[in-house]
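Just so you know, these numbers come straight off a predicted model, no measurement behind them. Chain letters run A, B, ... following the sequence lines, proteins first and then strands; every chain starts at 1. Computed over heavy atoms, backbone and side chain alike; hydrogens, waters and symmetry mates excluded.
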2 protein chains.
Amino acid sequence: MTTAPVSRASSRGRTRLANDAWEAALGAHTALMRRFTEDDVWAGLSMRDYDVLYTLAKCDAPQRLGDLGRHVLLSQPGLSRLVDRLVDRGLVARCADPSDARAAHLSLTDEGRAIQRRVGRAHGASVAAALTARLSDEELVLLESLSRKLSLTDDDLPEETP
Amino acid sequence: MTTAPVSRASSRGRTRLANDAWEAALGAHTALMRRFTEDDVWAGLSMRDYDVLYTLAKCDAPQRLGDLGRHVLLSQPGLSRLVDRLVDRGLVARCADPSDARAAHLSLTDEGRAIQRRVGRAHGASVAAALTARLSDEELVLLESLSRKLSLTDDDLPEETP
DNA sequence: GTTAATTACATGCGTACGCATATAATCGGC
DNA sequence: GCCGATTATATGCGTACGCATGTAATTAAC
């Protein structure tokens, strides 16, 4: 039984395509993460530490914890304590939000910004080396395009059956 | 200064393309992992637990720890203890390797296989739902193709300057 | 205007993780 | 056939994580 008896012939194939694609994507993520982790560019930061510093550097305005949380794959308490450690190390500053006393504005210190830049340059070079060795320019653009589509929330999707 | 003075005009653009693509890919990974983690399909397993059960199910032959380690993003001690827990729960069996007394062959128990199938069906459906809602068939094939290229080791790459 | 519900973040607690290292078995040179 | 090097897995230890819950501030209901 190589073809299952389904209503539309394309249906099962589409499920299979999606699962194969996801498995391959996970494999790529694993392989590249391992490679980048092994790079000698991190200056004592974990990749998650760097992710937070990078996010703070990208947005000039001070960010709240919840904003960071949307970008980082980490629980809210986990992120709270990760930021704690970065504050203790002097890389991130907490300052009060005048309009909301619950929230704390987070921003990079000078040292945090300096480290983010240093690590970012080296890591960016490593990322570029790995990806450009494997994909053409057109493929890189395609990867970005597909990734953006995959990042969409359900709310952002056009409805199938309105 | 919008264009940096580099030797070849395409060089900086290519680095930028690669970094943008990687950032987008990380975002997609985060978004989808969050979505799948929140699914109510895991039957008490972590996604890493499932990853190990799935890998064991995929390869009918009993696997060694090191073989699993290549597929799972986890340190060797971490994987060792993860397997410990799965053995304690009765989902995985360790049996001795007759030809190598250091290694232990790992295989699914009947219960482990049953749970993997149950969870796999539900998770596979969720993966398909998420991906097919965002990508066309052609795009799914493309994603798999790009991911496979990204999974290649340096050794597998054609040399740039032999 | 008071109070319930919600939001934003922090903390207690048990578990899982990574790093360094240990243990045990196999392999290679001679 | 013996011994150093290597491979395969396990363990000690300190740290980081997620879940449940707590605390404080804001919004909403009336």
Side-chain angles (χ1 to χ4, degrees), chain A residues 30 33-40 42-53 55-56 59 61-89 91-107, chain B residues 30 33-40 42-53 55-56 59 61-89 91-107:
Chain A
T30 299
M33 287 298 281
R34 231 197 278 276
R35 178 196 174 97
F36 296 144
T37 301
E38 283 165 3
D39 279 341
D40 194 28
W42 296 108
L45 297 175
S46 73
M47 222 183 280
R48 276 174 171 164
D49 292 335
Y50 174 73
D51 201 356
V52 167
L53 297 187
T55 304
L56 286 177
C59 316
Q63 294 291 112
R64 311 168 60 149
L65 250 188
D67 301 328
L68 289 179
R70 274 177 273 287
H71 294 289
V72 181
L73 188 55
L74 198 60
S75 67
Q76 177 268 316
L79 181 57
S80 179
R81 282 195 258 245
L82 172 51
V83 168
D84 276 351
R85 293 191 296 273
L86 293 173
V87 170
D88 288 344
R89 289 207 249 172
L91 305 181
V92 168
R94 282 184 215 267
C95 35
D97 183 334
S99 70
D100 187 342
R102 298 170 301 178
H105 278 169
L106 302 172
S107 55
Chain B
T30 298
M33 287 298 282
R34 230 196 281 274
R35 178 196 174 98
F36 297 144
T37 301
E38 283 164 3
D39 280 339
D40 194 27
W42 296 108
L45 297 174
S46 73
M47 222 184 279
R48 275 173 171 166
D49 293 336
Y50 174 74
D51 202 357
V52 166
L53 296 187
T55 305
L56 286 176
C59 316
Q63 294 290 112
R64 310 168 59 149
L65 251 187
D67 302 328
L68 290 180
R70 274 177 272 287
H71 294 288
V72 183
L73 189 54
L74 197 62
S75 67
Q76 177 269 317
L79 181 57
S80 179
R81 281 195 257 244
L82 171 52
V83 168
D84 276 351
R85 293 191 295 271
L86 293 174
V87 170
D88 289 344
R89 289 206 248 173
L91 306 180
V92 167
R94 281 184 215 268
C95 36
D97 184 333
S99 71
D100 188 341
R102 297 169 302 181
H105 278 172
L106 303 173
S107 55

Inset, instruction - Measure the distance from CG on B/L79 to P on D/dT9 and round it to the nearest whole Å. - result: 9 Å
Legend entry - Ionic contact status for B/D100 with B/R64, cut-off 4.0 Å: yes
Legend entry - Pairwise side-chain contact, A/H71 with A/V52, heavy-atom cut-off 4.5 Å (strictly under): no
Inset, instruction - Could you tell me whether B/R85 contacts a base, only the sugar-phosphate backbone, or nothing, with contacts defined as non-hydrogen atoms closer than 4.0 Å? - result: sugar-phosphate
Inset, instruction - Respond yes when some side-chain nitrogen or oxygen of B/R94 is under 4.0 Å from OP1 or OP2 of D/dA8, and no when none is. - result: no
Inset, instruction - Provide, to the nearest angstrom, the distance between the CG atom belonging to B/D88 and the C1' atom belonging to D/dA10. - result: 14 Å
Inset, instruction - Give the rounded distance in Å between these two atoms: NE2 of A/H105 and P of C/dA8. - result: 12 Å
Inset, instruction - Using heavy atoms and a sub-4.0 Å distance, could you list which residues of residues 63-77 of chain A are near DNA chain D? By number, please. - result: A/L74, A/S75, A/P77
Inset, instruction - State the CG-CZ distance between B/L74 and B/R48, to the nearest 0.5 angstrom. - result: 4.5 Å
Inset, instruction - Take atom CE of A/M47 and atom P of D/dC17, then tell me their distance rounded to the nearest Å. - result: 14 Å
Inset, instruction - Could you tell me whether the side chain of B/L91 reaches within less than 4.5 Å of the side chain of B/L45, counting heavy atoms only? - result: yes
Legend entry - Most 5' of A/D100 and A/D84 on DNA chain C, judged by nearest nucleotide: A/D100
Inset, instruction - Name the closest nucleotide to the B/S80 side chain, picking from D/dT6, D/dT11, D/dT26. - result: D/dT11
Inset, instruction - Please report, rounded to the nearest Å, how far the P atom of C/dC9 is from the CG atom of A/L82. - result: 14 Å
Legend entry - Whichever of A/G78 and A/R102 has its nearest DNA chain C nucleotide further upstream toward 5': A/R102
Inset, instruction - Using only heavy-atom distances, decide whether a donor-acceptor pair under 3.5 angstrom links the side-chain of B/R81 to the base of D/dG12. - result: yes
Inset, instruction - With the side chain counted from C-beta on, respond yes when A/V83 and A/L65 share a heavy-atom pair under 4.5 Å apart, and no when they do not. - result: yes
Inset, instruction - Evaluate the side-chain proximity of A/R70 to B/T30: yes if any heavy-atom separation is below 4.5 Å, no if none is. - result: no
Legend entry - Side chain to side chain, A/D97 and A/R102, heavy atoms closer than 4.5 Å: no
Inset, instruction - Starting at atom CG of A/D97, determine the distance to atom C1' of C/dA10, rounded to an integer number of angstrom. - result: 17 Å
Legend entry - Gap between atoms CG and C1', on A/L106 and C/dA10 respectively (whole Å): 13 Å
